[in-house]
Amino acid sequence: MEKIGIMGGTFDPIHFGHLSLAEAVRCELDLDKIIFIPAGEPPHKEAENLGSTEDRYNMTLLGCRDNPFFEVSRIELDREGLSYSVDTVRALKELYPEGTEFYFILGADSLMDLEKWREPKLLLSLCSFAAVARPGFKNKKTEAQIKKLEEKFNADIKYIESSKLDISSTDIRRRIAAGKSVKYNVPETVIKYIEEKELYGFKPEFYPEVRGFKKKLKLELKPSRYIHTLGVADEAVRLAEKHGEDKHKAYIAGLLHDCAKNFDRERTFKFCDEYGVSLDKILREQPDLIHSFLGAAAAEREYGVKDRDVLNAICYHTTGRPGMSPLEEIVYIADMTEPNRTHYEGLDKIRELSYYNLKEAVSEALNQTINFNKEKGRIVHPLSIEAFEYYKKYLREEII
Ligand code: ATP
Ligand code: MG
């Protein structure tokens with residue numbers, strides 16, 4: 001007959017405390033598998049700052065993915081109303097053949113609370129229990145509680161030694177909200193999920209490399225340019241969010257798009273030479289455009305950016321080019337529409353378009369830029385003209 005561990009919890013988020021506890025119990029009791037059961041609406045937890053049920057479920061799946069003995073059940077999530085362990089155990093017992101042995105796994109803190117749970121006597125009679133220590137709970141106290149419950153309810157509770165990891169979801173949520181690292185407390189895949197969905201108050205500016213980038217940019221850029229840069233990074237994230245693109249990349253590209261903007265003349269020419277940015281006739285006549293191409297090279301060499309898409313977004317943020325990637329389009333637009341930009345005619349139109357159709361926004365922005373430069377008697381970079389032709393055609397064909 002199968003021996004199955006039941007690992008209930010809020011998993012908000014799942015962390016290595018949960019995972020190592022489950023693994024210790026599995027090995028110690030020789031269990032066939034452990035079922036992780038994220039709580040639906042936990043009856044004894046304050047409701048604020050909880051991740052959504054779907055997020056907790058997804059994170060639990062990610063956390064359990066690389067252990068073939070772990071599975072995740074939606075049994076409590078799909079049940080209406082409050083979920084009580086006693087109902088869950090009863091429901092599970094109906095799903096499995098008679099004689100299947102169940103072990104309900106608990107940390108010491110939960111064990112101390114158990115008498116306050118719904119129908120503790122019935123719950124303790126339904127299956128065996130496996131309890132593990134947790135930092136802050138003395139082994140002796142835990143053992144005494146086990147003894148008490150065994151005597152009072154005739155329960156079967158096994159005490160399992162496991163490494164006491166001082167990790168809790170509460171602490172993890174606090175750390176994330178404060179921009180601190182939770183690496184080595186939470187599986188990498190779960191961290192990625194939290195960052196991507198910005199759970200628990202995570203903001204892209206918390207990415208570890210961002211702090212270094214900002215420090216350097218603050219030294220390199222004029223104050224107003226630095227403020228514009230932060231605005232572009234934030235606006236790029238908003239657009240990435242709206243259009244389902246990678247917010248991390250959008251933030252980094254936005255942050256670095258003007259990293260070469262305030263290089264002086266000497267440095268500009270020296271680095272163009274060093275980094276292999278060729279200064280053609282147009283760039284010589286329009287030195288304002290150099291910073292985009294040079295910026296991409298500087299982002300790669302001086303900031304260590306390797307992602308091609310991010311580098312291209314920096315490279316083409318002033319001229320645009322035909323067939324830009326969504327990230328390139330986002331940075332191109334964010335540069336024009338970020339909230340600190342002084343207002344100009346046509347800005348609102350681009351901004352409005354950008355929230356529902358990036359390509360239309362790009363087409364409009366290119367059109368305005370080309371006309372503006374022509375009016376000023378400046379030469380227009382051929383990439384911008386090609387880009388405008390491309391987007392016009394693209395939108396025409398899409399309509400047909
Ligand atoms: P929160 O801080 O939000 O209460 P948590 O870290 O306590 O979260 P839960 O989802 O409440 O996590 O815990 C599920 C189960 O795992 C409980 O039985 C709890 O006692 C146990 N547990 C959680 N973290 C640890 C840990 N570090 N060591 C041992 N047991 C743990
Ligand atoms: Mg807890």
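In each ligand, atom 1 is the first atom listed, and ligand 1 is the first ligand listed. Here the structure is a predicted model, which means the values were calculated and not measured.
- Taking any N or O of Gly107, backbone or side chain, at least one lies under 3.5 Å from an N or O belonging to ligand 1.
- Atom 27 (N) of ligand 1 has its nearest heavy-atom neighbour, among Leu165, Asp166, Asn185, Asp171, in Leu165.
- Of all the listed residues (Ile167, Leu111, Thr170), Thr170 holds the heavy atom that lies closest to atom 2 (O) of ligand 1.
- Between Tyr394 and Tyr391, the ring planes lie tilted relative to each other; the angle falls in the 30° to 60° range.
- Residue contact check: Ala133 has heavy atoms under 4.0 Å from atoms 29 (C) of ligand 1.
- Counting only distance, with no hydrogens or angles, the side chain of Lys93 and the backbone of Leu126 share a donor-acceptor pair below 3.5 Å.
- The shortest N or O to N or O distance between Pro135 and ligand 1 is not under 3.5 Å.
- Listed by atom number, the atoms of ligand 1 under 4.0 Å from Met7 heavy atoms are 15 (C), 16 (O).
- Ligand 1 is never approached by Asp12 to a heavy-atom distance shorter than 4.0 Å.
- Comment: Lys216 engages Glu220 in a salt bridge, judged by a side-chain N to carboxylate O separation of less than 4.0 angstrom.
- Look at Lys158 and Glu150 and you find no salt bridge, because none of the NZ, NE, NH1 or NH2 atoms lies under 4.0 Å from a carboxylate O.
- Salt bridge Glu115/Lys152: present, at least one basic N to carboxylate O contact under 4.0 Å.
- With Tyr207 as reference, Glu209 is the one residue of Glu209, Glu205, Lys203 to meet the side chain to side chain contact (heavy atoms under 4.5 Å, CB included) rule.
- For the residues Arg174, Arg134, Met112, the heavy atom positioned nearest atom 24 (N) of ligand 1 is part of Arg134.
- At most 12 non-hydrogen atoms from other residues, nucleotides or ligands lie less than 6.0 angstrom from NZ of Lys121.
- Listed by atom number, the atoms of ligand 1 under 4.0 Å from Gly8 heavy atoms are 14 (C), 15 (C).
- Interface atoms of ligand 1 facing Gly9, defined by a heavy-atom separation under 4.0 Å, are 10 (O), 14 (C).
- Less than 4.0 angstrom separates some heavy atom of Asp109 from each of these atoms of ligand 1: 19 (C), 20 (O).
- In the vicinity of Phe11, heavy-atom distances shorter than 4.0 Å reach the ligand 1 atoms 10 (O).
- Using the six-membered ring where Trp is involved, His257 and His317 have ring planes that are perpendicular, over 60° apart on the 30 and 60° scheme.
- For ligand 1, the atoms sitting less than 4.0 Å from at least one non-hydrogen atom of Leu106 are 18 (O), numbered in the order shown with element in parentheses.
- The shortest heavy-atom distance from Arg173 to ligand 1 is under 4.0 Å.
- Using modelled atom types, no side-chain atom of Asp32 and backbone atom of Glu2 make a donor-acceptor pair closer than 3.5 Å.
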